[in-house]
Amino acid sequence: MTTTQLLPKSIPTRSNQIIKRFNNLEDAVYLFNRMIRKKPLPLLLNFTNLLTEIVKMKRYTTAISLINKLLSSQITVDACMMNIAINCYSHLGQIDLGFAVYGSIVKLGHKPLTSTYNTLLKGLVLEGRVLEAEILFKKLIKRKICEPNEVTYGTVMNGLCKGGNTKMSVRLLRFMEERGCKPSEQVYSMIIDSLCKDRRVDDALKLLTEMVEKRVLPNVVTYNSLIDGLCGLGRWDEAKQMVLEMDRRKISPDARTFNIIVDAFCKEGMVEDARSVVSVMVERGEKPDVVTYSALIDGYCLRGQMKEAVKVFDAMVEDRIEPNIVTFNSLINGYCKRSNIDGAMKVFAEITRRKLEPTVSTYSSMLYGLFKAGRSIDALKLFEHMQSVGVTPNFITYSVLLDGLCKNRRVNEALSLFRIIINNGIHPNVALYTVLIDGCCKNGKLGVGLDLFSELCSRGLRPNVVTYNAMINGLCNQGFIEEAKELVVKMEKNGVFPNGVTYNIVLQGVLKFKTFEDVLLHLKEMDARGFSVDASSFYLLLRSIPEKEQDSNFTDLMIKLVPQDLLKSKSQPVK
DNA sequence: GTAGGGTTAG
């Protein structure tokens, strides 16, 4: 059977032959200009087909100017052509102009189609104007302007999911079912992805079960989202089960599936495992791309193995894959972590040379590196600069900035900057408070630290284990061991469980300010709770405990509580 | 409709 036989009879095949004659924009425009001069004029349908092709090439501005030419010609355009125009404006981020076209459709006496509304909704969503999309959608239903179809629901749901309103999206799913519109696998996938991004993977899995029960088959997109969600929560076994389930359903993994797994391994510090996944990927005929290489580079950067990271970078260039800003951000971050600010600056210069735009992450990493190098003046200058070029700082930028100021003994500046940030209408999060509490505690301002701690609580924020540890450390360093221990009890009551860091902080406090008996007591508690003594506490222990006290009782505890490798390497000199 | 980068505690 030929292609021609597959086409519905109403579509003239000639127009399809016409549009196959070009494969670039110039040819298409040339053809358009020839068509518009023809006498008699070709059917509108031919123009519609031609413009559809131009839109497929993402040449929205061109498409709009051609439609304008049509409007000033003898040809009467229809609602369908207007839809193309609205669609172009929505892709150009100018949906208000799209609404103007909509107005002219109505004025010309054409009836807007459901697809017209779908396109308008999509335009609003693309511009992040989800609330307006919601209002328009409700209007369509309430005033019975048109019956929403699958695409209408999908578009609004997409907006809701992107805007972080998964809950409303799920409600819309139920609503569309009630109205007798069967959700497709695409709609389910969207919500499953949104749930996974909210870390609500169990709810996502429930929805997977539900869709299967309703005979809607999940596809590779559905599984990719679930695998990513599970990996993000460290639920490796279940992620593996998902891959096996895909296999049972005869759904083959695609490049994204491999990239998700590669990235998950890299984030766990298992770059070698990630590399073997890449080998499998290549064997299965999927080509590693910029995302794959960037994940590996990031993996090495996170481990501070810059030489390895650069090797992968070179291999990527060799493979003729263009690095992008994300690739460079990883390298900058890696150099900054290794306190190699010069290396980071070279990468930063390379970004500019390649005419790439630094992002908020680029600047956040650079700020981190500059503060780490003790160059707080340069850091503050860069902070000014990023804002002057229109890059808006986010919470991570602020926490790097406040932390950097504190670590460079400029706590007062950090505190006043913090107040400025709040006055600018930004609601501080727990991380910002934590950074400041830690900074105060380490710079002899325990009182201010305690004030900040109660302030964050009164704001309705919940301190996390890092916040508590910073506070407990502050108390311990000033000798308030009992108060520190009380805080450990309190955090547990509040549902935040102390971790190994908490116990080691208290241990070091007890070692500095309490008796040997107290130390033994605390060590026993650590043992009971299954926490071990880490390296810095261990060295402090060896220095603080007089040799006469290092009896068999003590040694037994040490053997139990101190990791083997620490004992082997460092315990010899003591004897 | 699905994948990539940045911060805080000993």
Side-chain angles (χ1 to χ4, degrees), chain A residues 154-155 157-158 161-162 184-194 196-197 219-229 231 254-264 266-267 289-299 301-302 324-334 336-337 358-369 393-404 406-407 429-439 441-442 463-474 476-477 499-509 533-537 540:
Chain A
T155 306
M157 280 182 183
N158 179 29
C161 289
K162 289 247 165 72
S184 61
E185 86 274 14
Q186 186 160 325
V187 160
Y188 280 109
S189 298
M190 212 157 53
I191 298 181
I192 285 175
D193 183 61
S194 207
C196 288
K197 292 219 162 64
N219 59 19
V220 64
V221 178
T222 328
Y223 282 105
N224 284 348
S225 292
L226 285 163
I227 292 167
D228 189 42
C231 288
D254 61 6
R256 284 183 191 229
T257 321
F258 286 109
N259 282 346
I260 288 165
I261 298 168
V262 168
D263 184 57
C266 289
K267 286 223 169 68
D289 62 5
V290 58
V291 178
T292 326
Y293 278 105
S294 296
L296 293 175
I297 290 170
D298 193 54
C301 287
L302 288 173
N324 63 16
I325 189 67
V326 176
T327 326
F328 289 116
N329 283 349
S330 290
L331 288 168
I332 288 190
N333 189 37
C336 289
K337 279 217 161 80
T359 63
V360 61
S361 308
T362 322
Y363 285 109
S364 299
S365 293
M366 285 301 295
L367 288 174
Y368 176 71
N394 61 16
F395 281 119
I396 293 176
T397 323
Y398 287 130
S399 65
V400 170
L401 194 67
L402 297 178
D403 183 58
C406 289
K407 294 221 165 94
N429 63 12
V430 179
L432 293 193
Y433 274 104
T434 305
V435 161
L436 284 176
I437 289 168
D438 187 55
C441 289
K442 286 183 182 143
N464 58 30
V465 64
V466 184
T467 323
Y468 277 110
N469 286 349
M471 200 68 253
I472 291 166
N473 186 44
C476 283
N477 284 337
N499 58 17
V501 177
T502 322
Y503 277 91
N504 277 286
I505 291 169
V506 177
L507 173 60
Q508 296 191 14
V533 172
D534 65 20
S536 60
S537 301
L540 190 64

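Small disclaimer: the values here were computed from a predicted structure and weren't measured. Order of the sequence lines sets the chain letters (A, B, ...), proteins ahead of strands, with each chain counted from 1.
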| query | To the nearest angstrom, how far is Ile260(A) atom CD1 from dG4(B) atom P? | reply | 7 Å
| request: For dA3(B), take OP1 and OP2 only and decide whether either is under 4.0 Å from a side-chain N or O of Lys197(A). | output: yes
| Asp254(A) CG - dG4(B) P separation (whole Å) | 14 Å
| said: When you measure only distances, ignoring hydrogens and angles, does the side chain of Ser399(A) come within 3.5 Å of the base of dT7(B) through a donor and an acceptor? | reply: yes
| task | Whole angstrom is fine here: how far is it from CG in Asp298(A) over to C1' in dG6(B)? | result | 10 Å
| request: Verify the distance criterion only: is there a donor paired with an acceptor across the side chains of Asp228(A) and Ser225(A) at less than 3.5 Å? | output: no
| Nucleotide dG1(B), atom P - distance to CG of Leu226(A) in whole Å | 18 Å
| message | On the side chain of Asn499(A), is there an atom forming a donor-acceptor pair with the base of dA9(B) - under 3.5 Å, no angle test? | response | yes
| note | Rounded to whole Å, the OH-P distance (Tyr363(A) to dT7(B)) equals 17 Å
| task | Using atom CG of Leu296(A) as one end and atom C1' of dA3(B) as the other, report the distance to the nearest whole Å. | result | 13 Å
| request: Examine the base of dG6(B) for any acceptor or donor lying under 3.5 Å from a partner atom in the side chain of Ser365(A), and report the outcome as yes or no. | output: no
| request: Please report, rounded to the nearest Å, how far the P atom of dG6(B) is from the CG atom of Asp403(A). | output: 16 Å
| field | Options dA3(B), dG6(B), dG1(B), nucleotide nearest the side-chain atoms of Val291(A) | value | dA3(B)
| Can you check whether Asn224(A) has a side-chain N or O nearer than 4.0 Å to OP1 or OP2 of dG1(B)? | no
| request: Quickly work out the Asn469(A) CG to dT8(B) P distance and round it to whole Å. | output: 14 Å
